[in-house]
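The structure appears below as structure tokens.
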Amino acid sequence: MIRTVVADDQAVVRTGFVGLLATQPDIEVVGEAADGAEAVRVAAATRPDLVLLDIRMPHMNGIEAAREIVAASDGATRALMLTTFDLDEYVYEALAAGASGFLLKDATFPELLHAVRVVAAGNALLSPEITKRLIGEFVNSRAMSRRPVATVADLTAREAEVLVLIARGLSNAEISERLVITDHTVKTHINRLFAKLALRDRAQAVIMAYELGLVRAGEGGG
């Protein structure tokens, strides 16, 4: 059972998401919130597996709420951000705050359910389009002021290569094909580099790749 909290200042949107999620036998909506501050309080009281947060809310925005909720739960509660546009200007800030994925408010019912289940399972939900076109732009503009504790020297050449491909939006299967190695070997490299860099998921891996200078804005996959 995926215990979920829905936070959106637009009552119609919030009620719509709650109603849709409530139809699923494996999803339970344990709370609602109309702003970020309320979302933090509800999450603390209900300890959900996942919180759907609108990025733009009064009193406390979704990004600040995500940061507090993820930190307070020590990562046990995952944050799925609701955005109005695919290329939202706050995507990088949300990732840095600990968000694990993004969902458009006009997403279809199957897309909503897929997003909730993917993020609740501990995976990041990042489209290659967001990865390539937006995260790089924002991380690149901020990377100079950041001083990551980890360095490229902590990784083997192959681990660094895998990290670059993750940052470019490739799936495990695509990385396996690109590097001509087995899927099991890909997972091993990912587990090791995640441990070395203290990464929680692919969302954090994308940020780290940019901050270490392994990938820069404008560089695509292919």
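Predicted model only: the values in this text are computed from it and were never measured.
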Go through it in stages, so that I can follow the logic: the residues are Lys105 and Asp8, the test is side-chain contact (heavy atoms from CB on, under 4.5 Å), and I'd like the CA-CA distance, side-chain angles, deciding distance and then a yes or no. CA-CA 10 Å; Lys105 282 191 175 182; Asp8 195 301; 3.2 Å; yes
Does the side-chain contact (heavy atoms from CB on, under 4.5 Å) test come out yes or no for Leu52 and Val116, once each step is laid out? CA-CA 8 Å; Leu52 272 75; Val116 167; 4.0 Å; yes
Check step by step if side-chain contact (heavy atoms from CB on, under 4.5 Å) holds for Leu103 and Thr83. CA-CA 6 Å; Leu103 182 69; Thr83 65; over 6 Å; no
Between Thr4 and Asp49, does the side-chain contact (heavy atoms from CB on, under 4.5 Å) criterion hold? Intermediate values first, please. CA-CA 6 Å; Thr4 306; Asp49 300 304; over 6 Å; no
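The CD1 atom of Ile2 lies 7.5 Å from the CG atom of Leu50; values are rounded to the nearest 0.5 Å. The CG atom of Leu212 sits 11.5 Å away from atom CD1 of Ile207, with the distance rounded to the nearest 0.5 Å. Distance check, rounded to the nearest 0.5 Å: CG of Leu80 to CG of Leu82 gives 6.0 Å. Here the CD atom belonging to Glu177 is positioned 9.5 Å from the CG atom belonging to Leu170, to the nearest 0.5 angstrom. Between the CG atom in Leu155 and the CG atom in Leu214 there is a gap of 7.5 Å [rounded to 0.5 Å]. How far CD of Gln10 is from CE of Met57: 11.0 Å, rounded to the nearest 0.5 Å.
Glu38 has no carboxylate O lying under 4.0 Å from a charged side-chain N of Arg41, or vice versa, which leaves the two without a salt bridge. With respect to the salt-bridge test (charged N to carboxylate O, under 4.0 angstrom), the residues Asp54 and Arg14 do not qualify. A salt bridge links Glu159 with Lys196: the distance from a Lys NZ or Arg NE/NH1/NH2 to an Asp or Glu carboxylate oxygen falls below 4.0 Å.
The two atoms that bring Val206 and Ile166 nearest to each other are CG2-O, 4.1 Å, heavy atoms only. The minimum heavy-atom distance linking Ile63 with Ala97 is given by the pair O-CB, 3.6 Å. Here the closest heavy-atom approach between residue Ala209 and residue Leu163 is recorded as CB-CG, 3.9 Å. Here the closest non-hydrogen pair linking Leu179 and Glu161 is CD2-OE2, 3.3 Å. Counting all heavy atoms, side chain and backbone alike, Phe109 lies closest to Gln24 at CZ-NE2, 3.4 Å. A pairwise comparison of heavy atoms in Leu20 and Thr23 identifies O-OG1, 2.6 Å as the closest pair.
Judged purely by atom type and a 3.5 angstrom limit, Ser73 uses its side chain to pair as donor or acceptor with the backbone of Val70. The main-chain N or O of Asn172 is never found under 3.5 Å from a side-chain atom of Ser176 such that the two would form a donor-acceptor pair. Side chain of Gln204 to main chain of Arg200: a donor-acceptor pair is present (N/O by atom type, distance under 3.5 Å, no hydrogens or angles).
In this structure, the side chains of Glu174 and Arg168 stay at 4.5 Å or more apart for every pair of heavy atoms. Contact annotation: the side chain of Asp9 never approaches that of Asp35 to less than 4.5 Å [non-hydrogen atoms, C-beta and beyond]. Inter-residue side-chain proximity for His189 and Ile175 is flagged as unmet; no heavy-atom pair is nearer than 4.5 Å. For the pair Ile27/Leu113, a side-chain contact is recorded, criterion being any heavy-atom separation below 4.5 Å from C-beta on.
The salt bridge (Lys or Arg N to Asp or Glu O under 4.0 Å) check on Arg3 picks up nothing, with sequence neighbours excluded. Among residues two or more places apart in sequence or in another chain, the salt bridge (Lys or Arg N to Asp or Glu O under 4.0 Å) test is passed with Arg117 by Asp26.
The number of heavy atoms from other shown groups lying within 6.0 Å of CD (Glu28) is above 12.
Hydrophobic clustering (ILVMFWY, side-chain heavy atoms < 4.5 Å, transitive): Met1 and Val5 are in distinct clusters.
Of the listed residues (Thr156, Thr188, Asp154, Val162), just one forms a side chain to side chain contact (heavy atoms under 4.5 Å, CB included) with Leu193, and that residue is Val162.
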